[in-house]
A.B. asks: 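Mind looking over this structure? Questions follow.
Computed from heavy atoms alone, side chains included, the values below leave out hydrogens, waters and symmetry copies. These numbers come from a predicted model, not from an experiment.
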Amino acid sequence: MYTLARKGISRHILKTTDRILCRCATHINPEGKGVRKDLFDGSITRKPLYILANGNVRGIDGKYFDCTPQVLSDSSELMQPDTFTFLFIGRIASEKGIDELVNAFSRLKEYNCRLIIIGPDESDIDPINQETTQIMHNDPRIIMTGEQKDIRPWLAAADMLVLPSHREGFPNVVLEAGAMGVPAIVTDINGSREIIRNEYNGLVIPLGNDYTSRTQTLYEAMRSILDNKEKVHKMASVSRRYILENWDRQIVLDALLQFYRNLFGGISPTART
């Protein structure tokens, strides 16, 4: 979907594409309330928009994303119990907030912590700062793994997910982490703010208008977590239950099935607000 964060010709192309898609669709299911709002605010469509269950279109498989004995065994070599582990999973690109994350983490020199970054390098498409690249290669506390087929052992070894994205639809990685009992620091954007309840199962921080303010806000949030690890334990203790109560795959599938039953039965779905 198009994003308000895009500028110039790319924004125009994305908006035009989304308008065509919505015009051709008979029914539209946005991923969440934020996406729904953007579709209306951006004058993409005025058709009814129905959100399945609590958002997301596939839900989370709680049996797969769980700290089973096998997952814990696979994660044993990754764990460092005496070191607080921040984890990022996603594309290494500017719009994912990598610049802010790496530079904020580099300032946490007085703490025993590490940052694991998992994901493909797309800095050639969406360039990150040269300073960020240098820090990632020179700071021994930062671990770059590239893409991983199975992220569960890495989640099991983590204390806190950090997703400082500039834009999202409805980030599955936050759901996956939460199902594994890992709270998250996220920016106040679509999807992320719908999954994370501030101070409950994670922290929601302002996105900020520029790189400097975003980095400072993220640094302060990460530092507050390191200064209050009991808060992390409390957030972790409720995370899995909260995620599965709201986004378990069966909940989403049941909502989708009811949506189709209503259509085939001639009942118009009620647009979710």
Side-chain angles (χ1 to χ4, degrees), residues 1-6 14-15 17-18 21-22 25 27-42 44-45 47-62 64-65 87-91 93 95-97 118-120 122 126 151-152 155 160-198 200-207 235 239-259 269-273:
M1 202 203 85
Y2 102 101
T3 170
L4 296 173
R6 293 293 178 91
L14 289 171
K15 288 187 71 171
T17 301
D18 283 333
L21 289 172
C22 289
H27 298 84
I28 305 170
N29 300 105
E31 285 189 290
K33 293 179 180 179
V35 173
R36 179 187 183 278
K37 184 175 184 298
D38 282 351
L39 287 172
F40 275 122
D41 290 350
I44 302 301
T45 183
K47 290 183 177 180
L49 302 173
Y50 184 83
I51 300 172
L52 297 175
N54 297 302
N56 197 252
V57 292
R58 71 178 189 182
I60 184 74
D61 186 345
Y64 181 79
F65 286 99
L87 175 66
F88 170 88
I89 302 175
R91 296 178 292 109
E95 69 177 12
K96 285 293 184 178
I118 297 176
E122 294 190 3
D126 184 16
I151 62 171
R152 293 175 301 167
L155 286 168
M160 179 72 68
L161 179 77
V162 187
L163 188 68
S165 297
H166 302 172
R167 68 180 185 91
E168 291 286 345
F170 207 98
N172 287 306
V173 67
V174 180
L175 294 176
E176 294 163 356
M180 295 283 291
V182 181
I185 300 174
V186 300
T187 39
D188 189 9
I189 58 173
N190 287 349
S192 294
R193 69 167 73 98
E194 297 169 57
I195 300 170
I196 298 299
R197 288 171 51 189
N198 192 39
Y200 181 71
N201 63 330
L203 298 181
V204 180
I205 62 175
L207 176 59
M235 292 189 293
S239 183
R240 176 173 170 82
R241 175 181 57 81
Y242 179 72
I243 293 298
L244 295 185
E245 283 179 352
N246 288 278
W247 293 282
D248 181 83
R249 178 160 294 173
Q250 194 59 52
I251 294 174
V252 179
L253 291 178
D254 287 346
L256 180 61
L257 179 60
Q258 187 60 49
F259 179 79
T270 302
R272 295 285 296 277
T273 59

A.B. asks: Going by side-chain contact (heavy atoms from CB on, under 4.5 Å), N198 matches just one of D188, V186, L203. Which one?
C.D. replies: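 Answer to the side-chain contact (heavy atoms from CB on, under 4.5 Å) test with N198 among D188, V186, L203: L203.
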
A.B. asks: Between V162 and F88, what is the shortest heavy-atom contact and its length?
C.D. replies: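 That closest heavy-atom pairing would be O-CD1, 3.4 Å.
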
A.B. asks: Answer whether the closest heavy-atom distance between the side chains of I44 and L21 falls below 4.5 Å.
C.D. replies: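 No, every pair of side-chain atoms sits at 4.5 Å or beyond.
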
A.B. asks: In Å and rounded to the nearest 0.5 Å, what is the CE to CD1 distance from M160 to I185?
C.D. replies: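 So the CE of M160 and the CD1 of I185 are separated by 5.0 Å.
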
A.B. asks: Picking from N190, T187, L163, V35, what satisfies side-chain contact (heavy atoms from CB on, under 4.5 Å) with E168?
C.D. replies: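 It is L163; the other options fail the test.
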
A.B. asks: Taking all non-hydrogen atoms of both residues, which atom of L161 and which atom of V182 are closest, and how far apart?
C.D. replies: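 So the two residues come closest at N-CG1, 3.6 Å.
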
A.B. asks: Between the main-chain N or O of K96 and the side-chain N or O of R91, is there a donor-acceptor pair closer than 3.5 Å?
C.D. replies: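 Such a contact is absent between R91 side chain and K96 backbone.
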
A.B. asks: Ignoring hydrogens, what is the shortest heavy-atom contact between I60 and E176? Give both atom names and the distance.
C.D. replies: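 In this case the closest contact between I60 and E176 is CD1-CG, 3.5 Å.
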
A.B. asks: Do we see a donor-acceptor contact under 3.5 Å between the side chains of Q250 and D254?
C.D. replies: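 Yes, D254 and Q250 have a side-chain donor paired with an acceptor closer than 3.5 Å.
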
A.B. asks: Give, for atom CD1 of I28 and atom OG1 of T45, the distance between the pair rounded to the nearest 0.5 Å.
C.D. replies: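 The OG1 atom of T45 is 4.0 Å from CD1 of I28, to the nearest 0.5 Å.
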
A.B. asks: Show, in sequence, the C-alpha distance, side-chain angles and deciding distance for L175 and F170, and conclude whether the side-chain contact (heavy atoms from CB on, under 4.5 Å) test is met.
C.D. replies: CA-CA 9 Å; L175 294 176; F170 207 98; 4.2 Å; yes

A.B. asks: I need the R36 CZ to N29 CG distance, nearest 0.5 Å.
C.D. replies: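 Here the rounded value is 12.0 Å.
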
A.B. asks: To the nearest 0.5 angstrom, please state how far the CZ atom of R193 sits from the CD1 atom of I205.
C.D. replies: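 That separation rounds to 12.5 Å.
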
A.B. asks: Judged by atom type as modelled, is there a donor-acceptor pair below 3.5 Å linking the side chain of N54 to the main-chain atoms of N246?
C.D. replies: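 Yes; at least one donor-acceptor contact below 3.5 Å.
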
A.B. asks: Determine, for R167 against E95, whether the closest basic-nitrogen to carboxylate-oxygen distance falls under 4.0 angstrom.
C.D. replies: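 Here R167 pairs with E95 in a salt bridge, since their nearest N and O are under 4.0 Å apart.
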
A.B. asks: So does G178 get a backbone contact from the side chain of S239, meaning a donor-acceptor N/O pair under 3.5 Å?
C.D. replies: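 Looks like yes, one N/O pair under 3.5 Å.
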
A.B. asks: For A255 and A53, work out which heavy atoms get closest and say how close.
C.D. replies: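 Shortest heavy-atom separation between A255 and A53 comes out as CB-N, 3.7 Å.
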
A.B. asks: How far apart are the C-alpha atoms of I243 and F65, what are their side-chain angles, what is the distance that settles it, and do they pass the side-chain contact (heavy atoms from CB on, under 4.5 Å) test?
C.D. replies: CA-CA 11 Å; I243 293 298; F65 286 99; over 6 Å; no

A.B. asks: Less than 4.5 Å apart, side chain to side chain, heavy atoms only: is that true for L207 and H166?
C.D. replies: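 The answer is yes, as the side chains (C-beta and beyond) meet within the 4.5 Å cut-off.
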
A.B. asks: Considering non-hydrogen atoms only, spot the tightest contact between W247 and I195 and give its length.
C.D. replies: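 Heavy-atom minimum between the residues: CH2-CA, 3.7 Å.
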
A.B. asks: Could you state the interatomic distance from SG (C22) to CG (L39), rounded to the nearest 0.5 Å?
C.D. replies: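 It is 5.5 Å, given to the nearest 0.5 Å.
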
A.B. asks: Using a cut-off of 6.0 Å, state whether more than 12 heavy atoms not belonging to K47 lie near its atom NZ.
C.D. replies: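 Above 12, so yes.
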
A.B. asks: Quick check: closest heavy atoms across L244 and I251, and the distance to 0.1 Å?
C.D. replies: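 Smallest heavy-atom distance, with atoms named: O-CD1, 3.6 Å.
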
A.B. asks: For the pair L52 and Y50, evaluate side-chain contact (heavy atoms from CB on, under 4.5 Å) and give the outcome as yes or no after the intermediate values.
C.D. replies: CA-CA 6 Å; L52 297 175; Y50 184 83; 3.8 Å; yes

A.B. asks: Between R58 and E31, does at least one N-O distance fall below 4.0 Å, as a salt bridge requires?
C.D. replies: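 No, R58 and E31 are not salt-bridged.
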
A.B. asks: What's the spacing between R197 CZ and N201 CG if we round to 0.5 Å?
C.D. replies: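 Interatomic distance, R197 CZ to N201 CG, rounded to 0.5 Å: 7.0 Å.
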
